[in-house]
Amino acid sequence: MLLTPRVMRRTRTQSPSRTRPRISRHRKAALLASAVSVCLLAASAPAQPLGIGDRLFPYLGNPGYDVASYDLSFTYPGTNDKPLQAVTTISAKTTADLERINLDFAHGTVQSVEVDGHPAQFTSAGEDLVVTPEHPLSEGSWTRIRVRHTSDPVAAKGQEGGWVRTTDGLAMANQADAAHLVFPCNDHPSDKAMFTFHVTAPKGYTVVANGVPTGAEQTGSNTTWTYRTRHPMATELAQVSIGHSAVLHRAGPRGLAVRDVVPSADRKALQPWLAKTPAQIAWMESKVGTYPFETYGVLMAQASTGFELETQTLSLFEKDLFTEPAYPKWYIESIMVHELSHQWFGDSVSPRMWSDVWLNEGHATWYEALYAEETAHRPMVDRMKSAYAASDGWRAAGGPPALPKAAAPGQKISIFRPNIYDGAALVLYALRQEIGKPAFERLERAWVQEHRDSTASTADFIRLASTVSGRDLSGFLKGWLYGEKTPPMPGHPDWKSADPTKAPKAGRKPSGPVTSPRAGEPRTR
């Protein structure tokens with residue numbers, strides 16, 4: 001959601017002790033006419049797309065307000081090639097006086113908009129829905145915006161992300177900036193909010209969403225499923241699964257509710273993989289502390305996406321990852337841990353700006369590699385040495401880890417390059433080499449604890465690393481995070497960077513003969 005600053009701001013109340021100058025009747029009329037003229041000009045000015053100034057996505061997000069909650073209602077028609085009827089209700093607090101409200105929304109038909117119960121005018125500008133309420137909104141006030149719209153699961157030309165059409169229904173993949181292809185929102189991870197989902201589907205379908213179930217009400221041949229989050233969530237992490245699915249329940253560490261969503265016909269074959277999740281959660285907790293949310297699980301979708309995705313409390317996986325015989329067991333398990341670790345790094349602690357995405361992917365890659373080292377005897381040092389050799393090439397192609405290059409035109413997910421995966425994990429390896437393993441492990445725990453349910457930046461990480469280590473690490477880390485060339489690796493003076501023109505294009509393929517379905521691109525996100 002985006003709000004534009006008001007042209008006419010309210011004047012502050014004058015002090016009662018000050019004598020107000022008398023204004024003639026003619027002067028008052030002239031001032032009133034002038035004010036009306038300015039207001040008319042403001043109202044007639046064309047609507048424009050706005051953004052919060054994200055370097056990688058300039059028109060993503062909206063200034064002027066802070067979303068507290070989303071209430072999303074979808075009605076699934078029983079086929080995944082027709083639009084869903086939807087109602088999005090947003091509760092937000094304004095941070096500026098606003099004549100207009102900009103919401104990110106770009107793939108659906110808006111039928112009506114209400115602001116605080118009153119009909120509002122609306123139009124589109126770029127990928128924004130621009131709403132003009134009946135009365136301007138004052139800074140510091142609470143407002144409720146209700147949009148009746150459709151949500152189209154069939155992607156438009158040049159769009160990617162949002163709804164994922166599976167063989168039996170739908171799922172979501174909203175990273176990096178595709179939630180606004182599904183519902184009107186303030187589509188930037190810096191504005192996290194609580195979510196409630198109401199999804200109506202015909203008999204025979206099962207619906208699962210982020211958070212915990214709070215009811216399922218049957219009306220005729222339809223059932224409305226309701227889910228609520230207990231922690232704030234970024235829009236890019238929203239997940240709704242609609243399909244002929246089985247929901248499998250098990251207990252995780254400390255009684256944590258673990259629920260997995262799989263195609264009903266495949267539940268028996270997939271059960272051995274799903275049974276690994278509780279132990280993986282326990283392993284992650286031993287590294288960084290208590291799991292940060294109310295539940296966790298794996299959503300195995302019958303779809304071809306080419307990636308896995310850490311949607312909050314319910315990570316999205318291609319079912320074929322678990323049935324493709326070419327993938328070794330250790331590799332699949334490490335990918336499961338990659339998405340699980342995102343629940344701490346990326347979901348609970350979200351990036352302040354998209355340039356901070358290395359904090360998500362570098363940490364997830366780190367724990368993916370560490371898990372493979374500890375459980376499958378895949379030495380971390382070997383992977384990091386290979387990454388070091390390729391690092392200069394990755395930096396040249398995609399930018400330094402904390403200063404990634406913008407996405408290619410029409411390919412928004414192309415920001416997810418090797419420089420923010422193994423290239424960023426290499427930064428963490430260098431940091432551990434520099435400050436020692438005990439300090440590094442304290443830093444990791446402190447990071448997720450200090451910024452839980454919030455957002456954080458690269459500068460925040462540098463500051464905390466300096467505090468935990470007891471010395472200023474800004475110079476050291478800035479070279480690793482922002483330098484065009486990879487700095488020398490502490491403890492490994494013999495490591496050399498390969499010629500960038502000959503460096504491998506990707507660092508996320510498993511060793512040996514196994515290759516990723518998307519050669520040259522990271523599989524995980």
Would you kindly say whether [X] and [Y] are connected by a side-chain donor-acceptor distance under 3.5 Å?
{"X": "His244", "Y": "Asp168", "result": "no"}
{"X": "Glu127", "Y": "His107", "result": "no"}
{"X": "His188", "Y": "Asp54", "result": "yes"}
{"X": "Glu339", "Y": "Ser315", "result": "no"}
{"X": "Trp283", "Y": "Glu374", "result": "yes"}
{"X": "Thr365", "Y": "Asp422", "result": "no"}
{"X": "Ser350", "Y": "Lys192", "result": "yes"}

How many angstroms lie between atom [atom1] of [X] and atom [atom2] of [Y], to the nearest 0.5 angstrom?
{"X": "Trp366", "Y": "Leu426", "atom1": "CH2", "atom2": "CG", "answer": "9.5 Å"}
{"X": "Leu299", "Y": "Ser245", "atom1": "CG", "atom2": "OG", "answer": "7.5 Å"}
{"X": "Trp394", "Y": "Tyr388", "atom1": "CH2", "atom2": "OH", "answer": "12.5 Å"}
{"X": "Phe183", "Y": "Phe195", "atom1": "CZ", "atom2": "CZ", "answer": "4.5 Å"}
{"X": "Asp347", "Y": "His342", "atom1": "CG", "atom2": "NE2", "answer": "7.5 Å"}
{"X": "Asp177", "Y": "Glu160", "atom1": "CG", "atom2": "CD", "answer": "8.5 Å"}

message = Strictly below 4.0 Å, N to O, side chains only: are Glu368 and Arg383 in salt-bridge contact?
response = yes
query = Between Lys385 and Asp382, is there a side-chain N and carboxylate O pair less than 4.0 Å apart?
reply = no
Is a side-chain N or O of [X] found less than 3.5 angstrom from the main chain of [Y], in a donor-acceptor match?
{"X": "Arg395", "Y": "Gly483", "result": "yes"}
{"X": "Asn210", "Y": "Thr229", "result": "no"}
{"X": "Thr295", "Y": "Ala257", "result": "yes"}
{"X": "Lys287", "Y": "Glu441", "result": "no"}
{"X": "Asn174", "Y": "Leu237", "result": "no"}
{"X": "Glu294", "Y": "Arg230", "result": "yes"}
{"X": "Asp187", "Y": "His180", "result": "yes"}
{"X": "Tyr296", "Y": "Leu256", "result": "no"}
{"X": "Glu318", "Y": "Asp320", "result": "no"}
{"X": "Asp191", "Y": "Gly61", "result": "no"}

Min side-chain heavy-atom separation [X]-[Y] under 4.5 Å:
{"X": "Val381", "Y": "His492", "result": "yes"}
{"X": "Leu270", "Y": "Leu248", "result": "no"}
{"X": "Tyr70", "Y": "Asn186", "result": "yes"}
{"X": "Tyr227", "Y": "Gln239", "result": "no"}
{"X": "Leu464", "Y": "Leu443", "result": "yes"}
{"X": "Arg432", "Y": "Leu428", "result": "no"}
{"X": "Arg55", "Y": "Met353", "result": "no"}
{"X": "Ile90", "Y": "Leu103", "result": "yes"}

query = With Arg250, which residues qualify under salt bridge (Lys or Arg N to Asp or Glu O under 4.0 Å), at least two apart?
reply = Asp260
inquiry  = Does Lys405 form a side chain to side chain contact (heavy atoms under 4.5 Å, CB included) with Arg417? I'd like the steps, not just the answer.
reply    = CA-CA 9 Å; Lys405 292 182 179 179; Arg417 305 179 181 99; 3.8 Å; yes
task = Might you work through the side chain to side chain contact (heavy atoms under 4.5 Å, CB included) test for Phe317 and Ile335, ending with a clear yes or no?
result = CA-CA 10 Å; Phe317 289 80; Ile335 295 301; 4.1 Å; yes
request  = Could you please spell out the steps behind the side-chain hydrogen bond (donor to acceptor under 3.5 Å, both in side chains) verdict for Ser348 and Arg452?
outcome  = CA-CA 5 Å; Ser348 179; Arg452 183 176 181 178; 4.7 Å; no
request  = For side chain to side chain contact (heavy atoms under 4.5 Å, CB included), just list the numbers for Asp104 and Tyr59, CA-CA rounded to whole Å, side-chain angles, deciding distance to a tenth of an Å, and then say yes or no.
outcome  = CA-CA 9 Å; Asp104 298 310; Tyr59 292 105; over 6 Å; no
Nearest atoms (heavy-atom pairs only) where [X] meets [Y]:
{"X": "Pro232", "Y": "Asp453", "result": "CG-O, 3.7 Å"}
{"X": "Ala238", "Y": "Thr311", "result": "O-CG2, 3.6 Å"}
{"X": "Ser286", "Y": "Arg445", "result": "O-NH2, 2.7 Å"}
{"X": "Asn80", "Y": "Gly169", "result": "ND2-O, 3.0 Å"}
{"X": "Met489", "Y": "Gln433", "result": "SD-CG, 4.3 Å"}
{"X": "Pro351", "Y": "Asp356", "result": "CB-CB, 3.9 Å"}

Side chain to side chain contact (heavy atoms under 4.5 Å, CB included) evaluation trace for Leu181 with Gln159 = CA-CA 8 Å; Leu181 303 181; Gln159 288 181 341; 3.6 Å; yes
Side-chain atoms of residues 470-481: list all donor-acceptor pairs with protein atoms under 3.5 Å, sequence neighbours left out, distances to 0.1 Å.
from   : atom 1 : to     : atom 2 : distance (Å)
Arg471 : NH2    : Glu434 : O      : 3.3
Arg471 : NH2    : Glu434 : OE2    : 2.9
Asp472 : OD1    : Ser474 : N      : 2.9
Asp472 : OD1    : Ser474 : OG     : 2.7
Asp472 : OD2    : Ser474 : OG     : 3.3

Does the gap between the ring centers of [X] and [Y] come in under 6.0 Å?
{"X": "Trp358", "Y": "Phe461", "value": "yes"}
{"X": "Tyr367", "Y": "Phe345", "value": "yes"}
{"X": "Trp330", "Y": "Tyr371", "value": "no"}

